[in-house]
Amino acid sequence: AQKVTQAQTEISVVEKEDVTLDCVYETRDTTYYLFWYKQPPSGELVFLIRRNSFDEQNEISGRYSWNFQKSTSSFNFTITASQVVDSAVYFCALSDPMDSNYQLIWGAGTKLIIKP
Amino acid sequence: NAGVTQTPKFQVLKTGQSMTLQCAQDMNHEYMSWYRQDPGMGLRLIHYSVGAGITDQGEVPNGYNVSRSTTEDFPLRLLSAAPSQTSVYFCASSNGTSGSPSYNEQFFGPGTRLTVL
């Protein structure tokens, strides 16, 4: 069965620290997509990144970077020089074509608190 | 573009009441879905639709009905509200340009916070 595990329920760091959010997934298929979404305190869900299973290149977007490692089934998210505005709940999700519901499999989320 | 809109933003119901959560999108997306979000559980799929006239059940469909008469609208109906349905409900849409609609970015509405007493 497909599964996404975000073992870190809550992380608290001081502003300007680097922080890594872990995501471990399970799937038997070789073709799949992985996602990260952000949910700030205002409640909306915001798309951050999509990665397909054939592209293991790391991605960097400003202070955000993602490390995809198929060997360990992980898709970790790092925020460099964190800011208070990064405070949010972050969700990792998996899209698996073996799932006929076309649904995303979501992790439980990691609440990130950035203290000033 | 308004994106995905949901109404109402907040709703309080008594056990046994019925109501409809509205969802609309103006991006001409074929795929639409309803999720519920409960603390510590991530998002769970209730129902989804891959086009007008086509709906199907997700992970937690019991107690909910949907219909898709147009591409734009995808209302979620609670048949007889129960306290277990207290949750935040999100509607989402996406297109299918990468094959499966779940391969693409999901666009979410702002959510409806529902409390059932």
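Just so it is clear: chains get the letters A, B, ... in the order the sequence lines come, proteins before strands, and each one is counted from 1.
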Practice problem: Might you confirm whether atom NZ of A:K111 has over 12 heavy atoms from other residues, nucleotides or ligands at distances under 6.0 Å? | Solution: no
Quiz prompt | B:K9 NZ: over 12 foreign heavy atoms closer than 6.0 Å | solution = no
Quiz item: Out of curiosity, does B:V4 fall in the hydrophobic cluster containing B:Y89 (side-chain heavy atoms, cut-off under 4.5 Å, transitive links)?
Solution: no
Self-check item: Closest non-hydrogen atom pair, A:W106 against B:L43
Solution: CD1-O, 3.5 Å
Quiz item: Does atom CZ of A:R51 have more than 12 heavy-atom neighbours, drawn from other residues, nucleotides or ligands, at distances under 6.0 Å?
Solution: yes
Self-check item: Pairs of heavy atoms under 4.5 Å with chain B: top-ranked of A:A108, A:A93, A:G109
Solution: A:A108
Exercise. Identify which part of A:Q39 has an atom lying under 4.5 Å from any heavy atom of chain B, answering side chain, backbone, both or neither.
Key: side chain
Quiz prompt | Shared hydrophobic cluster, A:I113 / A:V13 (ILVMFWY, side-chain heavy atoms < 4.5 Å) | solution = no
Quiz item: After noting the C-alpha distance and the side-chain angles of A:F35 and B:Q106, does the key distance pass the side chain to side chain contact (heavy atoms under 4.5 Å, CB included) rule?
Solution: CA-CA 10 Å; A:F35 300 80; B:Q106 305 268 327; over 6 Å; no
Quiz item: So which heavy atom on B:N104 is nearest to which on A:Y37, and how close?
Solution: O-OH, 4.5 Å
Self-check item: Part of B:F107 lying under 4.5 Å from any heavy atom of chain A
Solution: neither
Quiz item: Can you tell which of B:G42, B:S33, B:G109, B:P39 has the highest number of heavy-atom pairs within less than 4.5 Å of chain A?
Solution: B:G42
Quiz item: How about A:E10: does its CD atom have over 12 heavy atoms from other parts shown lying under 6.0 Å from it?
Solution: yes
